[in-house]
J.: 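Starting off with a structure, shown below.
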Amino acid sequence: MEDQRTEIATPGRLRRRGEFLRVARGAKWVTPGLILQAARRPDAGPADAPRLGFTASRKVGGAVERNRVKRRLREAARVIMPDRARAAIDYVLIGRHTTLTRPWPKLLLDLETALRRIRIDEPAP
RNA sequence: CCAGAUGGCCGGAUGGCCGCCGCCUGCAGGGUAACCGGCAGGGGGAGGAAAGUCCGGGCUCCACGGAAAUACGGUGCCGGGUAACGCCCGGCGGGGGCGACCCCAGGGAAAGUGCCACAGAAAGCAAACCGCCCGGCGUUCGCGACGGGCAAGGGUGAAAGGGUGCGGUAAGAGCGCACCGCGGUCCCGGCAACGGGAACGGCAUGGUAAACCCCACCGGGAGCAAGACCGAAUAGGGGCGGCUCACGCGGCAUUUCCGCCGCGCCGCCCGGGUAGGUUGCUGGAGCGCGUCGGCGACGGCGCGCCUAGAGGAAUGGUCAUCGCCCGCUCGCGGGUACAGAACCCGGCUUACAGGCCAUCUGGCAUU
């Protein structure tokens, strides 16, 4: 039988520098705990799964802090994204220094808010 | 008990829910195959510094006939350890501390060159600013100029040509003597650095090598983004066959004609190679225990163990309880270091909340 999970479309991952740069030119929404970027995949059909990428720059801190920020973002995405992410869209979650200390429920709310408010196909200001 | 010294060790714990990355086993499936993904179970999954990338190696590629020299860079008391080191251990010398103990770029300054500010008369070759002494002369009896002897005292300095004392002398001076220092010689101890002693010399050789330099020893370069393998699309290269040789262009010395070849199109094959993928990738100068040798660093032997391998980069997210620290209005609140493997080892350096153990030193108290 057909697996139910394929309809939920477990997201793939962004791995190449060029993909990140392309998404950075797309839509953007800033919340206290994180920054969300999103762009439509030019090479994908409407049924393809969304893809995710995670970034924390040197501004966040050392390697320990950057790793921890990316883990919290990845966990938040694992909780939220399967129900909210749209097909054929690439998302990039950018960590901030506040991502480290933002209370967990609020960080989840930040991601939900960003997903609701972001306007894909409108270029960033 | 207090203060301190040295060496070593740990660096949160338990549980619930939900996850991630390798490995092994089993099950069923897809595929001709290499293999691929799925489910279930088992087991593993950051550090003492993983850090800085400062030294030394392994490994890989490149260069190179061998060796040496020069240049450049590094190291620098002696002996030992080690694959090697700029590391470690044990000594020696110097310095600090009541002591346990700690610190030191610690070869050569009679191979040469340079420098030694300020002060001072003088800073490297002896010299004499104030002085001391002798002589004759002058004298207003205070002393003065001249000639000669001297370096004790004063003063400058980081440093003034051995130091202290006694003798000696016109005053002085290693001029003489004693002790200390220094120098080469000899003897003794030590593998050696060096230490101890003896007689002799009569002081000659100031400091600076973290100034150039000299001597001894060491060093080819680049790094896992090394390197190896596979290899799409597109463009381009080569080969074979076919088509057209109709137009155009070029070549066969030149012009005309004829002929041939190439540029063209299609198909198949081959090699290089970009994106990308696979590999290198973890079993090793490995770790633990015991034993033997050694003051020790360390080494020999025996037994046991397998202990992260990612790739925008796993090793976690979240909640609760406890421990520890701080504050407190005693129901509580806040904090819990430094820090994240990236080919692998040996070191060094730097960061670090809090805590534990052993040995030793100096006090105080008690017996």
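Values below: every heavy atom of this structure, side chains too, minus hydrogens, waters and symmetry copies. A note on names: the letters A, B, ... follow the listed sequences, proteins ahead of strands, and every chain is numbered from 1.
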J.: In Watson-Crick or G-U wobble terms, both distances under 3.5 Å, what is the partner of G176(B)?
T.: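 Paired with G176(B), as far as the under-3.5 Å criterion goes, is C166(B).
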J.: Does F20(A) stack onto the base of G312(B), taking stacking as ring centres under 5.5 Å apart and planes under 30° apart?
T.: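 Given the distance and angle limits, yes, they stack.
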J.: Counting Watson-Crick and G-U wobble pairs only, both distances under 3.5 Å, name the nucleotide matched with G227(B), or none.
T.: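 WC or wobble partner is U279(B).
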J.: For nucleotides 16-21 of chain B, print each protein N/O atom paired with a nucleotide N/O atom at under 3.5 Å, atom names and distance only.
T.:
unit_1	atom_1	unit_2	atom_2	d
C18(B)	O2'	R78(A)	NH1	2.9
C18(B)	O2'	R78(A)	NH2	2.7
G19(B)	O5'	R78(A)	NH1	3.4
G19(B)	O2'	R78(A)	NE	3.4

J.: A56(A): which residues meet the side chain to side chain contact (heavy atoms under 4.5 Å, CB included) condition with it, sequence neighbours left out?
T.: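 Result, side chain to side chain contact (heavy atoms under 4.5 Å, CB included) vs A56(A): V60(A), R66(A), V69(A), K70(A).
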J.: With heavy-atom distances below 4.5 Å as the criterion, would you say the side chains of D90(A) and L52(A) are in contact?
T.: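 No; the side chains remain at least 4.5 Å from each other.
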J.: Could you let me know what A84(B) is paired to, Watson-Crick or G-U wobble, both distances under 3.5 Å, or none if it's on its own?
T.: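 No nucleotide pairs with A84(B).
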J.: Can you tell me if the side-chain N/O atoms of R71(A) get under 4.0 Å from OP1 or OP2 in U315(B)?
T.: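 Indeed, a polar side-chain atom of R71(A) lies that close.
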J.: Under the side chain to side chain donor-acceptor pair (under 3.5 Å) test, which residues partner R71(A), sequence neighbours left out?
T.: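 Applying side chain to side chain donor-acceptor pair (under 3.5 Å) to R71(A) gives none.
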J.: Give the rounded distance in Å between these two atoms: CZ of R74(A) and C1' of A314(B).
T.: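 Atom CZ in R74(A) sits about 8 Å away from atom C1' in A314(B).
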J.: Give me each pair satisfying salt bridge (charged side-chain N to carboxylate O under 4.0 Å, His left out) with a member in residues 101-112 of chain A, each pair once, sequence neighbours excluded.
T.: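 Listed by first then second residue: R84(A)-E112(A), R102(A)-D110(A).
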J.: Scan residues 59-69 of chain A against RNA chain B and write down, sorted by residue number, each residue with any heavy atom closer than 4.0 Å; if none is found, say none.
T.: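 Contacting residues: A63(A), V64(A), N67(A), R68(A).
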J.: With sequence neighbours left out, write down each residue that passes side chain to side chain contact (heavy atoms under 4.5 Å, CB included) with V30(A), or none if nothing qualifies.
T.: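 Once residues adjacent in sequence are excluded, the partners of V30(A) under the side chain to side chain contact (heavy atoms under 4.5 Å, CB included) criterion are K28(A), I35(A), R96(A).
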